[in-house]
Amino acid sequence: MKILKILAVSAMALGMTSCVSKKQYDALSTNYKQCIENIGERQREIQDLKSQNSALAGENNLLKSQHDALKSSLDACLSNTGKSSANIDKLVGEINASNSYIKQLISSNAKNDSLNLALSNKLKRSLDNVSDEDVQVKVLKGVVMISLSDKMLYKTGDYNILPAAQEVLGKVAKVINDYDKYSVLIEGNTDNAPLNSANLPRDNWDLSALRGTSVAKVLQTQFGVDPARITAGGRSEYNPKATNMSVSGRSENRRTEIIIMPKLDEFMKLMDITPKK
């Protein structure tokens with residue numbers, strides 16, 4: 001209302017330009033323009049407030065709906081309190097027991113993860129002067145995996161360990177011996193190139209298995225790894241890491257993997273943990 005009065009006065013003033021000085025006229029004209037701008041701003045503010053009010057009204061309706069739903073649920077719960085109290089107590093007890101069990105599992109897993117990480121870091125430091133193409137160390141699904149290329153360990157189609165591989169296997173053995181609570185799984189792997197011979201190895205199954213046991217024997221006889229900790233075998237061509245359609249892929253698939261992991265009885269102890277009643 002105040003703005004309209006100002007506009008009216010300004011309009012009258014503009015209509016009386018013949019009765020005022022140019023200075024007064026300019027001042028009135030400026031005031032008039034400012035009023036017009038102020039009206040535009042106020043209108044925009046009014047529109048924004050309307051939008052906000054509409055949004056708040058929608059939120060209010062949603063809250064009312066949620067309130068009604070919660071009230072209905074509460075009423076239903078209160079009506080069944082006598083019947084449900086025993087079940088609720090039992091459920092709370094089970095939840096507490098489960099929480100205790102989960103905490104034990106988390107603690108055990110955190111301990112294993114820390115040990116695996118320390119073991120992996122130690123192996124990487126021990127093997128830092130060996131080509132990454134020949135030796136790869138990584139933690140995968142809770143175990144430490146060392147992948148050794150066949151060209152470093154054996155001649156083509158053979159399973160006897162090359163003298164040059166002794167240094168690397170010695171470093172691996174030292175770390176294995178330092179972590180004497182872990183089991184050691186050794187797996188030979190080949191590509192899919194056929195191997196047919198009347199003598200051993202007769203095929204890729206023989207070759208992969210003999211390569212796995214060759215590494216196991218070296219770790220045992222030359223570096224003192226307890227054979228009771230070792231499981232050795234072969235997976236032939238059936239555990240490829242890459243395609244056998246390329247030279248580089250076949251080279252990557254020809255490998256021997258040494259997998260260091262908690263002993264089976266440690267896993268069984270973990271499985272025997274049950275919620276306290």
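Below, all heavy atoms of this structure are taken into account, side chains as well, without hydrogens, waters or symmetry copies.
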List the atom of [X], the atom of [Y], and the distance in Å for their closest heavy-atom pair.
| X | Y | answer |
| --- | --- | --- |
| Arg211 | Thr256 | CB-OG1, 4.3 Å |
| Leu153 | Ala165 | CD2-CB, 3.6 Å |
| Leu207 | Asp158 | CD1-O, 3.7 Å |
| Pro201 | Leu210 | CB-CD1, 4.0 Å |
| Arg250 | Asn244 | NH1-O, 3.0 Å |

Less than 4.0 Å between a side-chain N and a carboxylate O, is that true for [Y] and [X]?
| X | Y | answer |
| --- | --- | --- |
| Glu167 | Lys171 | yes |
| Arg255 | Glu257 | yes |
| Asp68 | Lys64 | no |

Are more than 12 heavy atoms, taken from residues, nucleotides or ligands other than Lys241, located less than 6.0 Å from that residue's NZ atom?
yes
Say whether Asn189 and Asn253, considering side chains only, have a donor N or O and an acceptor N or O under 3.5 Å apart.
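There is no such pair (donor and acceptor under 3.5 Å, judged by atom type) between the side chains of Asn189 and Asn253.
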Hey, are Tyr159 and Ser208 close enough side-chain-wise for a donor-acceptor pair under 3.5 Å?
no
With Gln34, which of Asn38, Thr30, Asn31 fulfils side-chain hydrogen bond (donor to acceptor under 3.5 Å, both in side chains)?
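In the set Asn38, Thr30, Asn31, the residue that makes a side-chain hydrogen bond (donor to acceptor under 3.5 Å, both in side chains) with Gln34 is Asn38.
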Candidates Val218, Asp180, Leu219 - the one meeting side chain to side chain contact (heavy atoms under 4.5 Å, CB included) with Val225
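In the set Val218, Asp180, Leu219, the residue that makes a side chain to side chain contact (heavy atoms under 4.5 Å, CB included) with Val225 is Leu219.
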Residue pair Lys217 / Ser214, side-chain heavy-atom distance below 4.5 Å:
no
With side chains defined as the heavy atoms from C-beta onward, is the minimum distance between Glu252 and Asp191 less than 4.5 Å?
no
Hydrophobic cluster identity match, Ile186 and Tyr179, side-chain contacts under 4.5 Å
yes
